[in-house]
Amino acid sequence: MPLANMRDLLSQAKEKGCAVGAFSVSSLDMIGGVIAAAEEKNAPVILQVAQCRLPSSPLHLIGPAMLSAAKAACVPVAVHLDHGLTLPCIRDALEMGFTSVMIDGSSLPMEENIALTRQVMALASPFHAAVEAEIGRVGKTESGQDAPAQCASPEDAILFAKESHVDALAVAIGNAHGVYSGAPRLHFDILEEIRKYCAVPLVLHGGTGISEEDFRRCIALGMHKINIATATFQAVCHAAQGASDYFAMSGSMTRAAKEVALRHIDIFNSAVLL
Ligand code: 13P
């Protein structure tokens with residue numbers, strides 16, 4: 001099946017009131033597990049890798065594997081660069097054939113974040129690739145460093161969407177990457193305000209540890225891409241322990257990644273898209 005574009009998947013998800021799972025992958029086991037889950041559920045998915053993970057999963061190795069698995073899948077699969085931080089890395093992903101990229105300018109002042117996002121939009125345009133940006137600060141960085149969480153303001157979301165014309169916007173509403181210390185407290189009032197004035201599909205980062213009920217509320221309030229990373233990494237790591245040989249371990253890791261994806265595809269209800 002041809003590669004899917006995240007822009008199309010998210011606009012369909014918005015229309016149908018569901019979310020597409022964006023699963024972070026770092027190995028062939030994880031790629032295989034996520035694709036097997038998507039095929040079993042007959043649901044589209046997004047395969048993604050974050051720039052900060054490239055030292056252990058180099059783009060020139062993991063990228064072609066993701067793209068090849070996506071093309072061979074019998075369901076639509078988009079291939080996405082998560083938390084892109086530098087223009088050369090984003091350009092490499094686009095040239096390789098990724099169908100979307102994220103530029104994470106969330107640590108920059110608003111005007112600089114908008115200007116950088118526009119630069120990435122211009123880079124992505126000849127490839128017809130979609131672009132995701134982020135405003136506010138998600139607690140903890142994708143690589144696990146502590147970062148003070150700061151909710152996005154509805155005013156900033158409206159300004160950002162208007163000035164950047166970005167395809168998907170990650171908004172921080174109290175969510176955090178990695179393992180939450182205590183139960184996550186998402187600010188649905190802020191999300192509701194953003195949703196009222198912002199038509200762009202929104203993205204929820206830090207999916208690991210969010211309750212089913214909160215996922216459903218987020219989706220109802222406009223989050224149509226939901227990122228899951230830590231849950232998969234933990235499950236795969238756990239599955240690798242105690243295996244008798246490499247191939248048994250690899251099989252267990254694939255099954256663990258598949259289980260995580262199956263569970264989230266059900267909660268996100270993305271099978272309604274096919
Ligand atoms: P988790 O690691 O909390 O699942 O977050 C994933 C994410 O947002 C990747 O960008």
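All ligand and atom numbering here is 1-based and tracks the order in the structure. Just so it is clear, the model here is predicted, and its values are computed rather than measured.
No hydrogens or angles considered: a donor-acceptor pair under 3.5 Å links the side chains of Asp29 and Ser250.
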For the pair Leu87 and Gln119, evaluate side chain to side chain contact (heavy atoms under 4.5 Å, CB included) and give the outcome as yes or no after the intermediate values. CA-CA 9 Å; Leu87 297 182; Gln119 258 182 294; 3.5 Å; yes
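The option with the heavy atom closest to atom 10 (O) of ligand 1, from among Leu204, Thr232, Asp82, is Asp82.
Ligand 1 has no nitrogen or oxygen under 3.5 angstrom from a nitrogen or oxygen of Ile228. Considering both main-chain and side-chain atoms, Ala229 comes within under 3.5 Å of ligand 1 through a nitrogen or oxygen pair. Note: an N/O pair closer than 3.5 Å links His205 and ligand 1 by distance alone.
For Glu192 and Lys196, the salt-bridge test fails: no basic side-chain N is under 4.0 Å from an acidic carboxylate O.
Protein heavy atom at the shortest distance from atom 2 (O) of ligand 1 is Thr230 OG1, 2.5 Å. Nearest to atom 9 (C) of ligand 1 among the protein's heavy atoms is Glu142 OE1, 3.0 Å. Ranking protein heavy atoms by distance to atom 4 (O) of ligand 1, first place goes to Thr208 OG1, 2.5 Å. Looking at atom 8 (O) of ligand 1, its nearest protein heavy atom turns out to be Gly206 N, 2.8 Å.
Annotation: side chain to side chain contact (heavy atoms under 4.5 Å, CB included) contacts of Cys198 (sequence neighbours excluded): Ala157, Ala161, Ile194, Val200.
Between His205 and His177, the ring-plane angle classifies as perpendicular under the 30° and 60° cut-offs.
Applying the 4.0 Å criterion to heavy atoms of His83 picks out, from ligand 1, the atoms 10 (O).
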